[in-house]
Amino acid sequence: PAEPTMVLRLKFLNDTERLAHVRPGDTVGALKRAYFPGQEQQVRLIYQGQLLRDDAQSLAALHLAPNSVLHCHISQHSPTPAPAGPRASADPVHTALNVGSLMLPLFVLMLAVLWYFQLQYRHVFTATATTFLAGLTLLFSFMAFTMYRR
């Protein structure tokens, strides 16, 4: 006997949806291959807040009801192997969105520009502003050395 099909809703980040006709016995990997051919490695499926990592897991094991929503994230780059060890990120989606590495250069540039203006236009800066700039520089330096000393 043929296994009954059910409809799942694939919802993307831009709020568009696509209907997927699947069988409960299909695997997560089969769903990716059927609806995202050639992009299987870039597609991340999320159901009820959990990233579906195991491509061999069947849809029936997820207890999906008809019209369940699977959130889809398609990365633009093929994933690189995650580094092993305790500092490796558990979630590749969050790793791709990490912009914290840009904060240090941004703050250094901002402080450098402020010091340049302080030296070039000394008459505009009051003693309080210069003291505040020096304190901010010391505070930032202390925080940067403390964080990156590890």
Side-chain angles (χ1 to χ4, degrees), residues 8-20 22 24 26-150:
L8 298 178
R9 292 171 33 213
L10 304 176
K11 188 167 186 175
F12 298 90
L13 292 177
N14 61 2
D15 280 336
T16 60
E17 286 190 13
R18 186 172 169 190
L19 297 179
V22 296
D26 290 347
T27 62
V28 173
L31 175 68
K32 287 181 184 179
R33 282 188 298 279
Y35 289 91
F36 306 98
Q39 294 181 307
E40 296 92 350
Q41 296 301 315
Q42 289 112 330
V43 173
R44 301 283 179 254
L45 296 176
I46 301 165
Y47 177 63
Q48 292 184 339
Q50 297 296 316
L51 181 65
L52 305 181
R53 299 176 195 275
D54 186 8
D55 283 353
Q57 186 176 28
S58 72
L59 299 176
L62 295 171
H63 307 292
L64 294 170
N67 285 323
S68 292
V69 175
L70 289 177
H71 293 274
C72 302
H73 174 267
I74 303 174
S75 65
Q76 299 303 316
H77 307 289
S78 60
T80 56
R87 299 199 59 169
S89 175
D91 189 355
V93 173
H94 288 121
T95 302
L97 300 176
N98 183 11
V99 294
S101 60
L102 298 175
M103 294 307 292
L104 179 65
L106 181 67
F107 282 133
V108 168
L109 179 66
M110 181 180 69
L111 282 173
V113 167
L114 286 172
W115 276 110
Y116 171 79
F117 283 130
Q118 200 282 333
L119 294 173
Q120 288 296 322
Y121 305 104
R122 193 175 303 246
H123 61 280
V124 176
F125 282 76
T126 63
T128 306
T130 303
T131 304
F132 180 75
L133 182 59
L136 188 65
T137 303
L138 285 173
L139 178 67
F140 176 74
S141 300
F142 174 75
M143 287 175 52
F145 284 120
T146 303
M147 288 173 49
Y148 291 101
R149 188 174 61 177
R150 294 184 226 159

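Every value quoted in this text rests on a predicted model; they were computed, and no experiment measured them.
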Show your working on side chain to side chain contact (heavy atoms under 4.5 Å, CB included) between Leu133 and Leu111 and close with a plain yes or no. CA-CA 8 Å; Leu133 182 59; Leu111 282 173; 4.1 Å; yes

Hey, could you give me the CZ/CG distance between Phe125 and Leu119, rounded to the nearest 0.5 Å? 9.0 Å

For the CZ atom of Phe36 and the CZ atom of Arg44, what is their distance to the nearest 0.5 Å? 12.0 Å

Which of these passes side chain to side chain contact (heavy atoms under 4.5 Å, CB included) with Leu31: Leu52, Val43, Leu70? Leu70

Which atom pair, heavy atoms only, marks the closest approach of Pro24 to Ser58? O-CB, 4.1 Å

Atom pair CD/OG1 of Gln118 and Thr137 - distance to nearest 0.5 Å: 10.0 Å

Atom CG in Leu114, atom CG in Leu109: separation rounded to 0.5 Å? 9.5 Å

As an exercise, state the distance from CG of Leu59 to CG of Leu64, rounded to the nearest 0.5 Å. 5.5 Å

Would you check if the side chain of Ser68 reaches a backbone N or O of Ala65 as a donor-acceptor pair within less than 3.5 Å? yes

Taking the side chain as everything from C-beta on, heavy atoms only, tell me whether Arg18 gets closer than 4.5 Å to Thr16. no

Would you find more than 12 non-hydrogen atoms of other residues, nucleotides or ligands less than 6.0 Å from Phe12 atom CZ? yes

Would you indicate whether the side-chain heavy atoms of Cys72 and Leu45 approach each other to under 4.5 Å? yes

Validation row: Arg33, Thr27 side chains within 4.5 angstrom (heavy atoms): yes

Does atom CE of Met143 have more than 12 heavy-atom neighbours from other groups under 6.0 Å away? no

Please round to the nearest 0.5 Å and tell me the distance separating atom CD1 of Ile46 and atom NZ of Lys11. 12.5 Å

Considering all heavy atoms, the nearest Lys32-Glu40 contact: CD-O, 3.8 Å

